[in-house]
Amino acid sequence: MRKELFMLFLMPLTLGAKDIHTASPDGRLTVHVQDEGAQARYAVTYDGEYVISPSLLGFKADFGDFTRGLHITETKTGSADQHYQMRQAKQSHIHYTANTLTVSFENERRQQMAVEFSVGNNDIAFRYLIPQQEKDRPKCAVITQEETSFLLPDGTTTFLCPQIGPMTGWERTKPSYEEEYAADAPMTSPSRFGQGYTFPCLFKTTGNETTHWVLISETGVSSLYCASHLSDYQPDKGYTIAFPQQGENNGVGSTCASIAVPGATPWRTITIGNTLKPIVETTVAYDVVRPLYEPSCDYQGGRYTWSWLIWQDNSINYDDQVRFIDLAAEMGYELCLVDNWWDQNIGRARMAGLSDYARKKGVSLLLWYNSNGHWNDAPQTPRDCMSTAAARDREMAWLKSIGVKGIKVDFFAGDKQETMKLYEDILFDANRYGLQVIFHGCTLPRGWERMYPNYVASEAVLASENVYFSEHHARQEPFELTMHPFCRNAVAAMDWGGVIMNKFLSKDNRSRHRRYTTDVFEMATGITNQSAVNCVAMQPNNLEELPQWELEWLRRLPTTWDETRFIDGYPGRYVVLARRHGTDWYVAGLNALQEPLRLTLDLPMLAGETVRLLTDNKKGLSLPATLKVDKKGKAKVELQPAGGLIIQR
């Protein structure tokens, strides 16, 4: 079957079939669209080689079937050329250019749909358009199923995170995009839970002569559609778009998508390169979406301290929070996060006093909230403050009155359209009160940094709390944090939750299991993990225990970036990124291998300069030094196992 599909694009067209194509501005990436066999199909070539073999397009709606009996009726080409600014992404100024193609189809009942493609030099975004119908003229539609598929070449290997079943895990809070990635797995391997895979999905294809990297995701998901994921692999189709499961959101809400007509679906995105550079540097998640409202104030990035990661629930009391506010003030950090149970353990009256104390120290508070509602059993409070418009209005007015600058809302678990609406409502209402928002226990953000100006980041990853919870995840930290720049963090901001500086995962810094990474590894994650409001999970004891040069470096850690460049790496093994803040370059490397890694880095931005080098020796001790970058921008470095490096101008 697969060879037959491939041959459809190579054989002469049969009578009536059409073959439409458009290429990227540089001509290397081409999308082909056909109606062969009365089905809508597309294929993708890069430098003339198939990376996405002929794959299906279309959907089923309550008013019509757009998966069969289709023929192309019209095509329209154009171009996109836009400049825009981003406050909280990997680039601050983005210039997006693309060629566009809209292909209109008609089914046997003379009903219409169109597929709109935007093709950049390494990125493809496409979505479905539903025009006003000439027959019956429905004003709304329910999309019950998408036929959209991605058929990758035989032998493709995968770097994927499995989707888990609904209402599972701790207090029935899953799915929350917190499962373990598997690297270099065969495409034919079934997903761990039989539910497919969460976005984004990274693939490595091997063609006749060239290896290609392919990152598949989606963007532009708002209250107007459900979020989706990829199905398990099927030999005849590849991977298909899968809608939410019925049990999500405690079974409440539809698994389908309901939209107005005329209307459009979210964008599916495909990033392709023969190296990992386009994967790491892509901005396609933002390129094809637009802001949904204006910011109510000038939101800023920053660093926050967080007691809960190491000191856990017992630290949510007034005195311990004062210690972490003092820690933030001492480090020059802007924020301090007060986690769950604050309403019970501290009380609302004293929270106003705590916020006043923090502001006098030059620190603002972030407060944690449970999203519930009725959709899982997570008991932590405050509850029922974010689940309705009336509750949010009361709560957010109070937050503004006491000077709180942001909220972290937890425990969503699901991708239904009803849940997407809750995310959007929280963000919109928070903006009215000047509050930034972080989400945890949640779905992947899909273009939200640009769509919602007060949105900061989401967890949507197996995050730092698991380093605390188990030794297994403490040992896995290097693997996880060398995976995410190529997948999870490549498409959206990630609140992983902490540059961990304690040697042991305990308040006394002597008991429980230890941290298996070096200090420089942890410091470098402050650069490789991208979030405009970033957690530095220091503890008060670190002020006395860490070398002074480490403290000084941590005091100056930026969280917003003007430019990001991929330098070297391989998912789950190692990564080296360069980020620019103003005129200052920060090059950060992480090694997840069991042996030292010797690299020759290409750093043209530092050519001919003598720069500061922070790295580890074979005993895991930190060694500040200098490094000479030659006139060609080459520099030789060594990273120790579970170690890191930082190069700084």
Indicate the atoms forming the closest heavy-atom contact of [X] with [Y], along with that distance.
X	Y	result
Ile402	Met351	CD1-O, 4.3 Å
Tyr455	Ala493	OH-O, 4.3 Å
Thr559	Ala532	OG1-O, 2.6 Å
Pro175	Pro166	CD-CA, 3.8 Å
Leu224	Ile259	O-CG2, 3.1 Å
Ala125	Val284	CB-CG2, 4.3 Å

Are any non-hydrogen side-chain atoms of [X] and [Y] less than 4.5 angstrom apart?
X	Y	result
Tyr177	Cys442	no
Val467	Ile500	yes
Val404	Leu367	yes
Cys256	Ile143	no
Gln39	Leu70	no
Phe199	Leu230	yes
Ile130	Phe59	yes
Arg348	Trp398	yes

Measuring centre to centre across the rings, with the benzene-like ring taken for any Trp, is [X] within less than 6.0 Å of [Y]?
X	Y	value
Tyr369	Trp342	yes
Phe203	Tyr239	yes
Trp170	Phe411	yes
Tyr423	Phe412	yes
Tyr181	His484	yes

Notebook entry, point to check: Would you call the rings of Tyr42 and Phe126 parallel, tilted or perpendicular, where under 30° means parallel and over 60° means perpendicular?
Noted result: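 Geometry flag for Phe126 against Tyr42: tilted rings.
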Next item on the list: On the 0 to 90° scale, with breaks at 30° and 60°, tag the Tyr452-Trp448 ring pair as parallel, tilted or perpendicular.
Entry: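 Aromatic pair Tyr452/Trp448 classed perpendicular.
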Side-chain donor-acceptor contact under 3.5 Å, [X] with [Y]:
X	Y	answer
Gln111	Gln133	no
Glu218	Ser228	yes
Asn454	Tyr433	no
Thr148	Tyr128	yes
Ser231	Tyr197	no
His229	Gln245	no
Asp298	Gln300	yes
Ser307	Asp320	no
Tyr318	Asn345	no
Asp123	Thr271	yes
Gln417	Ser254	no

Separation of [Y] [atom2] from [X] [atom1] (nearest 0.5 Å):
X	Y	atom1	atom2	result
Ile270	Trp267	CD1	CH2	12.5 Å
Glu424	Leu292	CD	CG	6.0 Å
Leu435	Ile438	CG	CD1	12.0 Å
Asp236	Leu151	CG	CG	8.5 Å
Asn376	Arg172	CG	CZ	8.0 Å
Asn340	Arg383	CG	CZ	12.0 Å

Are the charged groups of [X] and [Y] less than 4.0 angstrom apart, N to O?
X	Y	answer
Arg303	Glu334	yes
Glu147	Arg41	no
Asp343	Arg350	no

Under a 3.5 Å distance rule, please check whether [X] uses its side chain to pair with a backbone N or O of [Y] as donor and acceptor.
X	Y	result
Arg392	Met386	yes
Lys416	Glu248	yes
Ser191	Gly196	yes
Ser531	Val533	yes
Asn314	Trp311	no
Asp65	Thr67	yes
Asn107	Arg109	yes
Thr282	Ile279	no

Note to self: So, using salt bridge (charged side-chain N to carboxylate O under 4.0 Å, His left out) as the criterion, who are the partners of Lys408 when residues are at least two apart?
What the structure shows: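 Partners of Lys408 under the salt bridge (charged side-chain N to carboxylate O under 4.0 Å, His left out) test: Asp339.
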Next item on the list: From the options Lys237, Arg268, Lys60, select the one residue that forms a salt bridge (charged side-chain N to carboxylate O under 4.0 Å, His left out) with Glu146.
Entry: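 So the option named by the test is Arg268.
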Next item on the list: Cation-pi check, Arg87 to Tyr299: give yes when NZ or CZ is under 6.0 Å from the six-membered ring centre and within 45° of the ring axis, no otherwise.
Entry: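 Arg87 over Tyr299 ring: no.
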Note to self: As a test of understanding, state which of Thr305, Leu366, Leu365 forms a side chain to side chain contact (heavy atoms under 4.5 Å, CB included) with Leu337.
What the structure shows: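 Testing each of Thr305, Leu366, Leu365 against Leu337, the sole residue satisfying side chain to side chain contact (heavy atoms under 4.5 Å, CB included) is Leu366.
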Margin query: Tell me which one of Arg192, Lys174, Gln163 satisfies side-chain hydrogen bond (donor to acceptor under 3.5 Å, both in side chains) with Glu179.
Written below: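 Testing each of Arg192, Lys174, Gln163 against Glu179, the sole residue satisfying side-chain hydrogen bond (donor to acceptor under 3.5 Å, both in side chains) is Lys174.
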